[in-house]
> 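First the structure, then my questions, so here it is.
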Amino acid sequence: MGRFNNVILVWSLLLMLCFIPYTTFAQLSPNHYANICPNVQSIVRSAVQKKFQQTFVTVPATLRLFFHDCFVQGCDASVLVASSGGNQAEKDNPDNLSLAGDGFDTVIKAKAALDAVPQCRNKVSCADILALATRDVINLAGGPSYTVELGRFDGLVSRSSDVNGRLPQPGFNLNQLNSLFASNGLTQTDMIALSGAHTLGFSHCNRFSNRIFNFNNQSPVDPTLNKQYAAQLQQMCPRNVDPRIAINMDPTTPRQFDNAYYQNLQQGKGLFTSDQILFTDTRSRATVNSFASSGNVFNANFINAMTKLGRIGVKTARNGKIRTDCSVL
């Protein structure tokens, strides 16, 4: 009788499993293309290096593109898609209009280099190309190299409306930053490490003008800003400045991927409120100090955070495809 009951129990459990929604766990691996396109990494790196030699903007543009892609519907190259017909794609959302064209061009050139090799033609996803190119630009700017997990498929959808509320804003406080990053499976330490990407790149003046001209009724300048730095910003970004003017995010080593970003924060030289808050808020200050004092500690945490970032919302063959043209669904 006991044996019969055990059989019934096992049968019941199997029946229950049939009704559990089928979940696919993306199988990412550094060796995903070993038998498909074995030289994928060297081909992409060569294309990225050529683009890098043309313009340094390749570096921050590609890095920012990867972040904006992964935080909206996952790392599926949906940010690369062009609007068409009645569909406004992610790249045309107001939050993405400042994405530099050199980032898109980096992926296009790497894709063309892969397609020139018959074995690799249309075999490598645009999402994986972007992930590899991001690693390569970081390394070319003096940052660490790291292993990139591969095997992503490209998304089937790209909607401007999906971007709303999914990207961090320059005025965010620590709670808002932590909440947004936590929704993507990232910790506060991950968030602070990824913010270190602001050691590269530039920002248009309107993204921080409130901090140097009309912060509040008591003080027109944000009191957490270094006074000398604030004066420099006012000179570079005067009132009614040409909206096309952009300045370096890192005032000390803007073309070097390093931990100077955190040293700047210690001195009140964070460009955005969302940068400086990492130091002014005591809950995150210790991590900033740790990264400021050791480039190796920062690099290790950055690599870990980038790996986790690259796993967000990964598509598989069941809900994705490999695009023949990265800009067309």
Side-chain angles (χ1 to χ4, degrees), residues 52 54-65 67-68 94-103 137-138 140-143 167-174 176-177 191-192 194-281 284-285 288-289 291-293 295 298:
F52 172 74
Q54 293 170 4
T55 172
F56 183 82
V57 178
T58 301
V59 178
T62 305
L63 178 52
R64 190 162 176 247
L65 192 62
F67 182 86
H68 279 233
D95 277 351
N96 283 334
L97 292 178
S98 62
L99 290 171
D102 288 299
V137 295
I138 290 166
L140 286 166
L167 293 172
Q169 300 300 312
F172 270 14
N173 60 33
L174 189 65
Q176 291 170 309
L177 288 168
M191 179 271 292
I192 298 169
L194 291 172
S195 296
H198 283 178
T199 189
L200 302 166
F202 47 86
S203 168
H204 292 93
C205 298
N206 67 337
R207 303 291 280 175
F208 59 86
S209 60
N210 67 304
R211 298 189 72 205
I212 57 176
F213 290 120
N214 55 344
F215 186 66
N216 60 33
N217 293 331
Q218 285 74 42
S219 171
V221 177
D222 185 341
T224 65
L225 259 180
N226 178 293
K227 289 183 180 178
Q228 228 179 352
Y229 184 48
Q232 290 171 354
L233 292 177
Q234 288 172 335
Q235 284 184 332
M236 291 185 286
C237 292
R239 292 182 188 273
N240 304 316
V241 67
D242 184 331
R244 293 170 296 180
I245 296 295
I247 68 162
N248 292 322
M249 295 287 296
D250 178 348
T252 52
T253 58
R255 286 175 168 253
Q256 183 74 21
F257 187 93
D258 54 23
N259 64 335
Y261 167 79
Y262 303 101
Q263 295 164 1
N264 292 335
L265 297 185
Q266 291 174 320
Q267 299 168 49
K269 295 180 180 178
L271 189 61
F272 294 160
T273 298
S274 58
D275 292 317
Q276 195 57 50
I277 198 68
L278 302 181
F279 184 74
T280 55
D281 195 308
S284 48
R285 185 180 297 165
V288 170
N289 289 337
F291 292 173
S293 63
F298 162 55

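This chain uses plain numbering: 1 for the first residue, then up along the sequence. These numbers come from the heavy atoms of this one structure, side chains and all, not from hydrogens, waters or symmetry mates.
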> Locate the shortest heavy-atom distance separating L174 from I277; write the atom from each residue and the value.
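Between these two residues, the closest heavy atoms are N-CG1, 3.9 Å.
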> Nearest 0.5 angstrom please: L271 CG to L233 CG, how far?
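Taking CG in L271 and CG in L233, the distance rounds to 6.0 Å.
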> Let's go through N173 and T273 carefully: what are the C-alpha distance in whole Å and the side-chain angles of both, what is the deciding distance for side chain to side chain contact (heavy atoms under 4.5 Å, CB included) to 0.1 Å, and is it a yes or a no?
CA-CA 7 Å; N173 60 33; T273 298; over 6 Å; no
> Does any non-hydrogen side-chain atom of I247 lie less than 4.5 Å from one of F202?
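Heavy-atom side-chain distance check fails, nothing below 4.5 Å.
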> Quick one, D222 with F215, criterion side chain to side chain contact (heavy atoms under 4.5 Å, CB included). Give me CA distance, side-chain angles, the key distance, then yes/no.
CA-CA 6 Å; D222 185 341; F215 186 66; 3.5 Å; yes
> What I'd like to find out is whether the side chain of F52 reaches to under 4.5 Å of the side chain of V59, using heavy atoms alone.
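Yes, their side chains come closer than 4.5 Å.
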> Keeping the roles fixed (side chain from R285, backbone from T280), state whether a donor-acceptor pair exists under 3.5 Å.
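Checked: pair present.
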> Just checking, is any N or O donor in the side chain of R64 or S98 under 3.5 Å from an acceptor N or O on the other one?
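Their side chains do contain a donor-acceptor pair, which is all the 3.5 Å distance test asks for.
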> For the CG atom of L200 and the CZ atom of R255, what is their distance to the nearest 0.5 Å?
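The CZ atom of R255 is 10.5 Å from CG of L200, to the nearest 0.5 Å.
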> Hey, are D275 and Y261 close enough side-chain-wise for a donor-acceptor pair under 3.5 Å?
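Yes, side-chain donor-acceptor contact under 3.5 Å.
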> Can you name the closest pair of heavy atoms from L278 and V288 and give their distance?
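Shortest heavy-atom separation between L278 and V288 comes out as O-CG2, 3.4 Å.
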> Can you give me the closest heavy-atom contact between P254 and F56, atom names plus distance?
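Nearest heavy atoms, P254 then F56: O-CE2, 3.9 Å.
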> Please lay out, stage by stage, how N206 and S209 fare under the test side-chain hydrogen bond (donor to acceptor under 3.5 Å, both in side chains).
CA-CA 5 Å; N206 67 337; S209 60; over 6 Å; no
> Taking atom CD of Q228 as the centre, does the number of heavy atoms from other residues, nucleotides or ligands within less than 6.0 Å exceed 12?
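Counting neighbours around CD of Q228, 12 or fewer heavy atoms of other residues, nucleotides or ligands fall under 6.0 Å, so no.
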> Quick one: closest heavy-atom pair of Q276 and L265, and the distance?
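Reported closest heavy-atom pair: NE2-O, 2.8 Å.
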> Assess the pair F257 and F298: is the distance between their ring centroids shorter than 6.0 Å?
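For F257 and F298, the ring centres are under 6.0 Å apart.
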> So which atom in L63 and which in I138 form the shortest heavy-atom distance, rounded to 0.1 Å?
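Heavy atoms only, the tightest pair is CD1-CD1, 4.0 Å.
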> Taking N259 for its side chain and F291 for its backbone only, find out whether a donor-acceptor pair lies under 3.5 Å.
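Such a contact is found between N259 side chain and F291 backbone.
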> Checking Q267 side chain against Q263 main chain: does a donor-acceptor pair fall under 3.5 Å?
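Yes.
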> Checking side-chain hydrogen bond (donor to acceptor under 3.5 Å, both in side chains) for the pair Y229/N264: CA distance, chi angles, key distance, verdict?
CA-CA 10 Å; Y229 184 48; N264 292 335; over 6 Å; no
> Under the criterion side-chain hydrogen bond (donor to acceptor under 3.5 Å, both in side chains), I'd like the reasoning laid out for D102 against T58: C-alpha separation, chi angles, the key distance, then a yes or no.
CA-CA 5 Å; D102 288 299; T58 301; 5.1 Å; no
> Distance-only, no hydrogens or angles: does the Q235 side chain make a donor-acceptor pair with backbone N or O of Q232 under 3.5 Å?
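The answer is no, because no donor-acceptor pair under 3.5 Å joins these two groups.
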> Under 3.5 Å, is there a donor on one side chain and an acceptor on the other for D95 and Q169?
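Yes, a side-chain donor-acceptor pair sits under 3.5 Å.
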> Which pair of heavy atoms, one from H68 and one from N96, lies closest together, and at what distance?
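Looks like ND1-OD1, 2.6 Å.
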> Under the 3.5 angstrom rule, does the side chain of D250 hit a backbone N or O of T253 as a donor-acceptor pair?
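Yes; judged by distance alone, with no hydrogens or angles, the pair exists.
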> Quick check for you: to the nearest 0.5 Å, what is the distance between L225 atom CG and F208 atom CZ?
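It is 9.5 Å, given to the nearest 0.5 Å.
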> Would you check if there is a donor-acceptor pair between the side chains of S284 and D281 at a distance under 3.5 Å?
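There is no such pair (donor and acceptor under 3.5 Å, judged by atom type) between the side chains of D281 and S284.
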> Do F272 and S195 come within less than 4.5 Å of each other through their side chains, counting heavy atoms only?
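A side-chain contact under 4.5 Å is absent here.
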> Calculate, to the nearest 0.5 Å, the distance between atoms OH and CG belonging to Y262 and N289 respectively.
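The OH atom of Y262 sits 12.0 Å away from the CG atom of N289.
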> For T224 and R211, which I'm curious about, is there any donor-acceptor pair between the side chains at under 3.5 Å?
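Per modelled atom types, T224 and R211 side chains form a pair under 3.5 Å.
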> Less than 4.5 Å apart, side chain to side chain, heavy atoms only: is that true for V241 and C205?
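Yes, close enough: below the 4.5 Å cut-off.
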